[in-house]
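Reading through the C-alpha cells given below for one structure.
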Amino acid sequence: MKKIIFIFFLPLITSITFAREKESLVRDTLSTPFSLGRTNIECYFRGNFFSDNPSLTHSSAHFQFEDTWLNLQGDYNKALSYQVRFRLNRPLTITDLDNTAVGLDYAYLLYRLGKNRQWEVTIGKQCEAIGSYELTIHPLYEYIYGDYLNYVVNPFVAGAKVEYTFNNTQKIGFQLHNTLNESFHSFLEKRGFISPSLLPSKLPIGGLIYWKGEFGDHQFKTHYSYDLSQFAQGKYTHTFSLGNWLEVGKHLAYLDLYYAYMEADYGLLSSKILSQYEGRTPGNYEVYENTVYKGLISRYEYQITPLWSASAKGGIEFLGSRNSLNEHFRTHYIYALALQYAPFGNTDFRVHLAYIGKTVSYIEELKLPEEQLHRFSLGASYTLPVIKREKVKSKR
C-alpha cells in the first residue's frame with residue numbers, strides 16, 4: 001500500500017490546488033495568474049451582537065468578535081503562488097499529526113506548468129477539494145454551517161493536489177490528504193472517546209478525485225467529488241459530494257448534496273448519541289461502526305441594489321447507523337435570513353441583520369427532547385488591506 005501511495009505522490013509534484021479568492025469562486029482562466037507579482041496581506045473581521053433563544057437553556061444576549069483572520073496571499077511569478085492564513089481567535093496549539101497550529105487554515109505553494117499552464121500542483125496545508133460550495137465561499141458571508149463541515153469533512157488538511165484543465169470550463173483533480181489533523185488516540189481522548197475494538201490506521205490518509213465544470217457562459221458550475229479515507233485500521237469512509245452553483249444576473253444560488261458512510265465513525269456525532277443511548281458517560285463514549293451522514297445545504301442571494309443584498313440559507317441533514325436503531329435517528333435543520341448593506345462601494349465593509357436558526361429532532365426510541373435555537377444577529381464584517389502590491393495586472 002505504501003508503494004502505491006508513493007507512486008501516486010510522484011505525479012503530484014506536477015499539478016494543482018485552487019487558491020481560494022475572496023472576489024470569485026472560480027477563475028475564468030488558468031493560463032495566467034490574476035496578477036503577476038501580486039502580494040496581498042489582509043485582515044478579515046466579523047463581529048456581532050447576538051440575541052440567542054435556545055429551547056433547552058436560558059436565553060442570552062452578548063457581543064462577540066466572531067471571526068478574525070490574517071491572510072498572506074500572492075503570486076511570486078507566472079508559475080508560483082502561495083497562501084498563508086491564520087484564524088487569530090483560534091489557539092496556536094500544535095496538532096500532533098500534521099504539526100501545524102489549530103488556527104492555521106492555509107500554508108501552501110501552488111505551482112503551474114505546461115504549455116498553457118494547464119497543470120497545477122499544490123503542496124502544503126490546503127482546503128480539502130470536496131465538492132461543496134458552502135466550503136468554497138468566503139466564510140465572512142456564511143452565518144451558519146451544517147453538520148457536513150462541522151463533523152464529516154476536515155476542511156483544512158495537509159496534503160498534495162494535482163489539477164488538470166482541459167479548457168476554461170472543465171477541470172479534473174486528485175488530492176492526497178491526511179484524514180484528520182490529529183493522531184487516532186489524541187483525537188479520541190480530547191473528545192471523551194475510547195475505542196476498545198478499533199486500532200489506529202497505519203496509513204490515516206484519504207484519496208480524493210473531483211471534477212469541476214462550467215456551463216452556459218460560466219453561469220452554471222459543478223464541483224463533484226468522491227473521497228476514500230481511513231481513520232481506523234481496515235475501516236474506510238466513503239464520501240460523495242455534489243456541489244452545484246448558479247449565477248444569473250443579480251441572482252446567485254448553490255445546492256450541495258452529500259452522502260458519507262463511515263465504517264469507523266470519526267465524525268463522532270452519531271457515536272456520541274449511541275453512547276448516551278446505551279448509558280455511557282463522557283470519557284467512556286465509544287466509537288461505533290457503520291454510521292451514515294447525508295443531507296443537502298442550499299443558499300440563495302439577491303443583489304437588490306449595488307449597496308443592498310439579501311440572502312437565505314437552508315439545509316436538512318440526517319445521521320444514523322446501519323447497526324443500531326436506523327439511518328435517520330437524528331434530523332438536523334438549519335435556516336437563515338439576512339439583509340446586508342455595503343455602504344462604501346469599493347471597500348469590503350458590510351453591515352448585516354440576520355435571523356439564524358436550527359432544529360434538531362430525534363426518533364422516539366432515543367427519548368431525547370427536540371432542540372431549537374433562534375438567534376438574531378446585528379453585525380459587521382470588514383476586509384482590511386494591510387499591504388497590497390501589484391507589479392503587473394493580467395487581463396481577465
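All values reported here derive from a predicted model rather than from experimental measurement.
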Quiz item: Are Arg85 and Leu72 close enough that some pair of their side-chain heavy atoms sits under 4.5 Å apart?
Solution: no

Quiz item: Does a side-chain N-to-carboxylate-O contact under 4.0 Å join Arg330 and Asp147?
Solution: yes

Self-check item: Distance-only donor-acceptor check, side chains His328 and Lys294, under 3.5 Å
Solution: yes

Quiz item: Is it true that Leu268 and Val360 fall in one hydrophobic cluster, defined by side-chain heavy atoms closer than 4.5 Å?
Solution: yes

Self-check item: Asn71 side chain to Asn40 side chain, donor-acceptor N/O pair below 3.5 angstrom
Solution: no

Practice problem: Report yes if some heavy atom in the side chain of Lys313 is under 4.5 Å from a heavy atom in the side chain of Ile297; otherwise report no. | Solution: yes

Quiz prompt | Arg87/Asp105 ion pair, N-O < 4.0 Å | solution = yes

Quiz item: Could you walk me through whether Asn181 and Asn154 pass the side chain to side chain donor-acceptor pair (under 3.5 Å) check?
Solution: CA-CA 8 Å; Asn181 300 329; Asn154 183 23; 3.2 Å; yes

Quiz item: How about Phe329: does its CZ atom have over 12 heavy atoms from other parts shown lying under 6.0 Å from it?
Solution: yes

Exercise. Could you verify whether a donor N or O on one side chain and an acceptor N or O on the other, from Glu42 and Thr383, lie under 3.5 Å apart?
Key: no

Quiz prompt | Single-linkage hydrophobic cluster, 4.5 Å side-chain cutoff, Leu373 and Tyr145 together | solution = no

Quiz item: Taking the side chain as C-beta and beyond, is there a heavy-atom pair between Arg322 and Tyr261 under 4.5 Å?
Solution: yes

Exercise. Inspect the surroundings of CD in Glu189 and state if more than 12 heavy atoms from other residues, nucleotides or ligands are less than 6.0 Å away.
Key: no

Quiz item: Using 4.0 Å as the upper bound for N to carboxylate O, is an ion pair formed by Arg280 and Glu286?
Solution: yes

Quiz prompt | Side-chain ion pair, Arg112 and Asp75, N-O less than 4.0 Å | solution = yes

Practice problem: Return yes if some donor-acceptor pair links the side-chain N/O of Asn244 with the main-chain N/O of Leu255 below 3.5 Å, else return no. | Solution: yes

Quiz prompt | Sequence neighbours excluded - ring-ring contact (aromatic ring centres under 6.0 Å, His included) pairs with any residue from residues 263-290 | solution = Phe193-Tyr285, Phe231-Tyr266

Practice problem: Check the surroundings of atom NE2 in His62: do more than 12 heavy atoms from other residues, nucleotides or ligands lie under 6.0 Å from it? | Solution: yes

Quiz item: With Lys190, which residues qualify under salt bridge (Lys or Arg N to Asp or Glu O under 4.0 Å), at least two apart?
Solution: Glu182

Self-check item: Hydrophobic cluster membership, Leu242 vs Ile316, 4.5 Å side-chain cutoff
Solution: yes

Quiz item: Between Gln126 and Gly124, is there a donor-acceptor pair closer than 3.5 Å when you use the side chain of the first and the backbone of the second?
Solution: yes

Practice problem: Tell me whether the centres of the aromatic rings in Tyr335 and Tyr333 are closer together than 6.0 Å. | Solution: no

Exercise. Answer with yes or no whether the side chains of Asp265 and Ser271 bring together a donor and an acceptor at under 3.5 Å.
Key: yes

Self-check item: Closest non-hydrogen atom pair, Pro155 against Leu135
Solution: CB-CD1, 3.8 Å

Practice problem: Any chance you could lay out the side chain to side chain donor-acceptor pair (under 3.5 Å) test for Asp227 and His177, step after step, and finish with the verdict? | Solution: CA-CA 10 Å; Asp227 186 39; His177 60 86; 3.0 Å; yes

Quiz item: Looking just at side-chain N and O atoms, do Asn323 and Ser321 make a donor-acceptor pair shorter than 3.5 Å?
Solution: no

Quiz item: Side-chain donor-acceptor pair under 3.5 Å between Tyr148 and Ser241, yes or no?
Solution: yes

Exercise. Using only heavy-atom distances, determine whether the side chains of Glu317 and Tyr258 contain a donor-acceptor pair under 3.5 Å.
Key: yes

Quiz item: Under 3.5 Å, is there a donor-acceptor pair linking the side chains of Thr136 and His223?
Solution: no

Quiz item: With distance as the sole criterion, is a donor-acceptor pair present between the side chains of Gln83 and Tyr108 under 3.5 Å?
Solution: yes

Quiz item: side chain to side chain contact (heavy atoms under 4.5 Å, CB included) between Lys202 and Gln233: does it pass, once the steps are laid out?
Solution: CA-CA 7 Å; Lys202 296 179 180 179; Gln233 187 172 317; 4.0 Å; yes

Self-check item: Of Tyr133, Trp211, Trp245, the residue whose pairing with Tyr224 passes ring-ring contact (aromatic ring centres under 6.0 Å, His included)
Solution: Trp211

Exercise. Treating Ile, Leu, Val, Met, Phe, Trp and Tyr as nodes and any side-chain heavy-atom pair under 4.5 angstrom as an edge, say whether Tyr382 and Phe65 lie in one connected cluster.
Key: yes

Quiz prompt | Salt-bridge present (Arg299, Glu142; N to O < 4.0 Å) | solution = yes

Quiz item: Cation over ring, Arg375 on Phe50, under 6.0 Å and within 45°?
Solution: yes

Exercise. Using atom types as modelled and distance alone, determine if a side-chain donor or acceptor of Lys125 lies under 3.5 Å from a backbone N or O of Leu104.
Key: yes

Exercise. Please report the shortest heavy-atom distance between Ala338 and Ala354, naming the atom on each side.
Key: CB-CB, 3.8 Å

Exercise. Pick out which of Leu140, Asp348, Leu384 makes a side-chain contact (heavy atoms from CB on, under 4.5 Å) with Tyr44.
Key: Leu140

Quiz item: Are Phe156 and Tyr106 an aromatic pair by the rule of ring centers under 6.0 Å?
Solution: yes

Quiz item: Do Phe376 and Phe49 belong to the same hydrophobic cluster, where Ile, Leu, Val, Met, Phe, Trp and Tyr are linked whenever their side-chain heavy atoms lie under 4.5 Å apart, directly or via other members?
Solution: no

Exercise. Using only heavy-atom distances, determine whether the side chains of Tyr341 and His352 contain a donor-acceptor pair under 3.5 Å.
Key: no

Practice problem: Scan for salt bridge (Lys or Arg N to Asp or Glu O under 4.0 Å) pairs involving residues 232-252, sequence neighbours excluded, and state none if there are none. | Solution: Lys235-Glu289

Exercise. Could you tell me whether the side chains of Asp96 and Ser183 share a donor-acceptor contact shorter than 3.5 Å?
Key: yes

Quiz item: Between the side chains of Glu370 and Tyr362, does any donor sit under 3.5 Å from an acceptor?
Solution: no

Quiz item: Do Gln340 and Ser311 get their side chains close enough for a donor-acceptor pair, meaning under 3.5 Å?
Solution: yes

